[in-house]
Amino acid sequence: MTAPLAECQNLQAQVESILQLSHQETSLRAQDTTPVQSSLRKAVSPTFEIVFAGAFSAGKSMLINALLERELLYSAEGHATGTECYIFYAEAEQEKVILTFLSEVEIREQAVALCQKLELTPPSNINQADMVDLLRQGCVLIIQKEGGESKSERAKQAKALILLLEGFEANRDRIHSLNNATYSMEQFNFSTLKEAASYARRGSNSAVLKRIDYYCNHPLLIDGNVIIDTPGIDAPVQRDAELAYRKIENPDTSAVVCVLKPASAGDMTKEETELIEKTNSNIGIRDRLFYVFNRIDETWFKPELKQRLDKLINSEFQNTTRVYKTSGLLGFHGSQVKQYTNKSDRFGLDSIFAESVRGANGQEETPQFVNALMQYCALAGKLPPIFRIDVRGYETPNQNYERILDDYGMPLIEQLILDSGIEEFRSAITRYLTEEKRPQLFANLADDLQPVCINLRNNYLDKHRELDSQPREIEAMKSRELQLLSKELQDLGEQFLQHIELEVNQLVNNKCESFEKDFLLLQTRMIGKLDELINTFSVAEAYSRATLSHRRNATAPLIAVLVEALYYLSNELEDVLVKSCQEVITSFFQRLIERVQKAEYYSHLYRLLGNDAGIVEQIKGLETLVQHSLMDAAKVECDRFVRESPRFYDEGTFSIYQFRQTLAQTSQGYDSESMVQAEPAIRQLLKLDFEPKVSETIRKNFRANINAVLKSRLLPLAEIQANDILQQYNNARNHLEQTLEKEAEEKIAGNMRSQKEVESKIADYNQAVCGINDCLQAMQLHSHLLPVISDSDYKSVIVDAELLKEALAV
Ligand SMILES: Nc1nc2c(ncn2[C@@H]2O[C@H](COP(=O)(O)OP(=O)(O)O)[C@@H](O)[C@H]2O)c(=O)[nH]1
Ligand SMILES: [Mg+2]
């Protein structure tokens, strides 16, 4: 494995320290750093996962075999298996395989799904031999009827079901009912990767394997490269297809090889388009995408397919250079024939193809490769003229194969390999993995870091400059503060005025909750008092007061009793209104003073003057005035209660009716007795008279009075006071002179501290950036370097001062 460059060993910590510095700056918090995090992960990750994805039978597994020039993966016509294969690097003597099986439940699910497709009765229990046998027979029948196991989709599915059932039977003791059992190669007594791979490649075994991990000695896998073979994106078992998509969307996936089928189908399928869209949206993958149009051999003898493919590539894939056209089948087997066969084993018919040659009834079958090669040889114009090949109709394909290879030998195979496009694909992916990958991952990281660094750098420089522009001398700082003083005083006065205006406005518009609560209490008290007065009103007492003031008379009229009552009620109510009003106003001013004292201008004023310029005192003085003026208003208001309601005696009102009734009652005799007996009627009469008057006062008149008084008193006061504050310039100046010295000292010290902080952050930043740049330079990525902050970017003032000192000293 290539050792990571020494210069890049601290890369992760350095990048993280840049991110941390960036997070510390409030102004940069909104910046999205997820791209940096994701590209950092890729750059430092020990593994680089290359996922092969595509439709089933596109030739993914074959392509991987061809890439590694080894028969590792199961590749066959027909049913798509859900096996996921990982191929990791291993030293030659440490090659191994780890096998993970499907659970019995998963196998049954697949069996049921296939039965449904084939319209066979699904097995209730796949452990029951007779039931399984019956199914197998059903499948054999289907295959016969279709004319062979690869003759139709239905035949292929029947074959798949047979393989699944066989695989289950053969591996019964290794398969667990619910969980996925995992075995090492040794547990199977395999001693080489080859043996284990050929076990896994057997169709029936492959059908029941969930995942295979190969550890394989191949230079392509060095440097953490992991090749992953996924089930087809169009796998009939939903879960298998999802597995493939999930792998593509996984952030750990670093590159994707899309193995596409249009060379044999003419067009991209819906799933293939979806695959390309999904890879494009994974930021872990970026442009690390390879498009392989496999099965290119099929276009050689179908010009229409070739045309459609060329058109597709020219229209949809013109933005990428990573487009390859391959024939995995010819490339892989060609290289196997070239490496491992010769005339003595009939160019593989007796060795590498022996298994597929061996027919059921002693007759030889034709391997897929032989058929494909014959087709290739028969192509007019495809081969250079030195190959004058004669494919004879009277010989079997295998005989033709043996003879042709005998005649033309390896040059023909080499031409085939060249035409298969496999070498070109292999060298492109090898170049990418060994030369381009690392630098590209680091370049991506650098590019993602660039904006973060630029922002951070600008932020530090701005802060430093801002602090630099602050005065450094106490005298300078003082004079700056004093310059601002007059404006500050003006602003504070203005703020006070605005505050008072706001308070008044809220009060007038019934928006001050506390005041509304207080006023409601005043209203309830008045209404309560009126009720109490009427309910306890004594006619006897009023009568005796009336006769007392007319000594010559022994009797008094009803009107006299009523007059006494009017005075009595009015005066009692006045006491309540005056007292309640006092309370309302007291608490209003208390609140106002509290709010003023809490306001920012108030403490600011204190800092400038050492006092509040008399604000609170003025407000308190105003309170007394307001109290007096509202007390007078309350008295006037209640004094008017003495008069009857203007409509009281109007014809047709209930009050005049009540009055006549009462009069009729009191006229029964001339002693006090008749009067006292009419007490309820008199109380009723008083109620009729007073209720509207009191209501008018507390609901309308008096509230309007309060509003008017407060408004007309408070606003002028605030204006005068605002002006007063402005006039405090000399006082403020005197006061500030004393306090500023200390404040300036603190402020300068604070600025120095902040500046030191910024400088120390700049140092941290530079350290990280220099480290990263060393790494980038070691990777030859000179055009991706990140910006450092040099002394001259921010230290100019200090440096000048020092130079000056030195110059003076000389
Ligand atoms: N004609 C032709 N057949 C191929 C090619 N590549 C693979 N195949 C055949 O297609 C079938 C499916 O291949 P496989 O590698 O299992 O496809 P996968 O499902 O994508 O893994 C097998 O029978 C292969 O021999 C190719 O380039 N040309
Ligand atoms: Mg496959």
Side-chain angles (χ1 to χ4, degrees), residues 51-68 70-87 148-151 153 155-156 159-160 163 197 200-203 205-207 209-212 214 227-237 240-241 243-244 247 257-265 269 271-272 275 292-302 305-306 309 324-336 352-353 355-356 365-376 379 416-417 419-422 424-425:
V51 172
F52 281 64
F56 91 89
S57 255
K60 300 179 290 295
S61 307
M62 183 68 94
L63 194 64
I64 294 172
N65 287 343
L67 197 61
L68 301 176
R70 255 176 107 157
E71 189 163 22
L72 271 188
L73 304 179
Y74 172 69
S75 160
E77 201 64 65
H79 169 63
T81 62
T83 319
E84 217 186 349
C85 298
Y86 284 68
I87 310 173
E149 58 184 41
S150 57
K151 282 290 175 321
E153 206 47 40
K156 287 179 194 174
K159 175 70 182 169
L163 290 176
R201 244 185 3 255
R202 207 161 304 138
N205 296 332
S206 167
L209 283 169
K210 185 186 182 78
R211 172 171 169 156
I212 311 172
Y214 298 90
I227 287 180
I228 300 169
D229 188 20
T230 58
I233 46 176
D234 51 355
V237 180
D240 295 342
L243 184 85
K247 200 69 216 160
V257 177
C258 296
V259 185
L260 302 166
K261 243 173 146 177
S264 85
T269 61
E271 288 87 1
E272 286 177 323
L275 165 71
V292 179
F293 291 92
N294 195 41
R295 295 177 159 267
I296 192 69
D297 48 299
E298 296 187 41
T299 64
W300 293 338
F301 46 89
K302 286 187 188 154
L305 275 182
K306 181 174 163 21
L309 180 64
Y324 307 89
K325 292 190 263 188
T326 60
S327 168
L329 179 74
L330 293 177
F332 173 66
H333 289 303
S335 76
Q336 298 288 301
I352 53 176
F353 302 123
E355 215 165 305
S356 41
E365 305 256 339
T366 314
Q368 206 182 359
F369 172 66
V370 172
N371 275 330
L373 182 69
M374 289 310 107
Q375 253 172 335
Y376 172 75
L379 276 175
L416 174 78
I417 293 173
D419 285 339
S420 78
I422 285 297
E424 193 192 328
F425 173 58

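Numbers here simply count residues along the sequence, with the first being 1. Order of listing sets the numbers, starting from 1, for every ligand and every atom in it. Fair warning: this is a prediction, and the values are worked out from it, not measured in the lab.
Taking every non-hydrogen atom of Phe56 and a distance limit under 4.0 Å, the qualifying atoms of ligand 1 come out as 19 (O). The Asp297 neighbourhood of ligand 1 comprises atoms 1 (N), 2 (C), 26 (C), 27 (O), 28 (N), with distances under 4.0 Å to a heavy atom of that residue. Atoms of ligand 1 found under 4.0 Å from any heavy atom of Ser61 (numbered from 1 in listed order, with element): 15 (O), 21 (O). Within the listing of ligand 1, atoms 1 (N), 2 (C), 3 (N), 4 (C), 5 (C), 6 (N), 25 (O), 26 (C), 27 (O), 28 (N) sit less than 4.0 angstrom from a heavy atom of Leu329. Those atoms of ligand 1 that come under 4.0 Å of a heavy atom in Ala55, given as number and element, are 20 (O). In the vicinity of Glu298, heavy-atom distances shorter than 4.0 Å reach the ligand 1 atoms 1 (N).
Both the sub-6.0 Å distance and the 45° axial angle are not jointly satisfied by Lys306 relative to the ring of Phe301.
One N or O on the side chain of Asp234 and one on the backbone of Phe56 form a donor-acceptor pair closer than 3.5 Å. Within the 3.5 Å criterion, the main-chain N or O of Ala55 finds a donor-acceptor partner in the side chain of Lys60.
Looking at ligand 1, you'll find an N or O of Gly328 within less than 3.5 Å of one of its N or O atoms. Between Ser75 and ligand 1, at least one N/O pair is under 3.5 Å apart.
Across the listed options Lys60, Arg295, Lys261, Met62, Arg295 owns the non-hydrogen atom lying nearest to atom 9 (C) of ligand 1. Comparing Gly59, Ser206, Ser327 by heavy-atom distance to atom 7 (C) of ligand 1, the nearest is Gly59. The closest heavy-atom contact to atom 6 (N) of ligand 1, among the options Ile64, Asn294, Ile422, Asp234, comes from Asn294.
Heavy-atom minimum distance, Leu63 versus Gly328: CD1-CA, 4.5 Å. Residue Ala372 comes nearest to Leu329 through the heavy atom pair CB-CD2, 3.7 Å, listed as atom of the first residue, atom of the second, then distance. Residue Tyr324 comes nearest to Glu424 through the heavy atom pair CD2-OE2, 4.4 Å, listed as atom of the first residue, atom of the second, then distance.
Ile296 has its side chain out of reach of Leu330: every pair of non-hydrogen atoms, C-beta onward, lies at least 4.5 Å apart.
Met62 lies apart from the Mg ion (ligand 2) in this respect, since none of its N, O or S atoms is found at a distance under 2.8 Å.
Below 30°, between 30° and 60°, or above 60°: for Phe52 and Phe425 the angle between ring planes is above 60°, a perpendicular geometry.
Note on ligand 1: Ser57 sits in its first shell, one or more heavy atoms being nearer than 4.0 Å. Using a 4.0 Å heavy-atom cutoff, Ala58 is listed among the residues neighbouring ligand 1.
Between the side chains of Thr366 and Asn371, not a single donor N or O lies within less than 3.5 Å of an accepting N or O.
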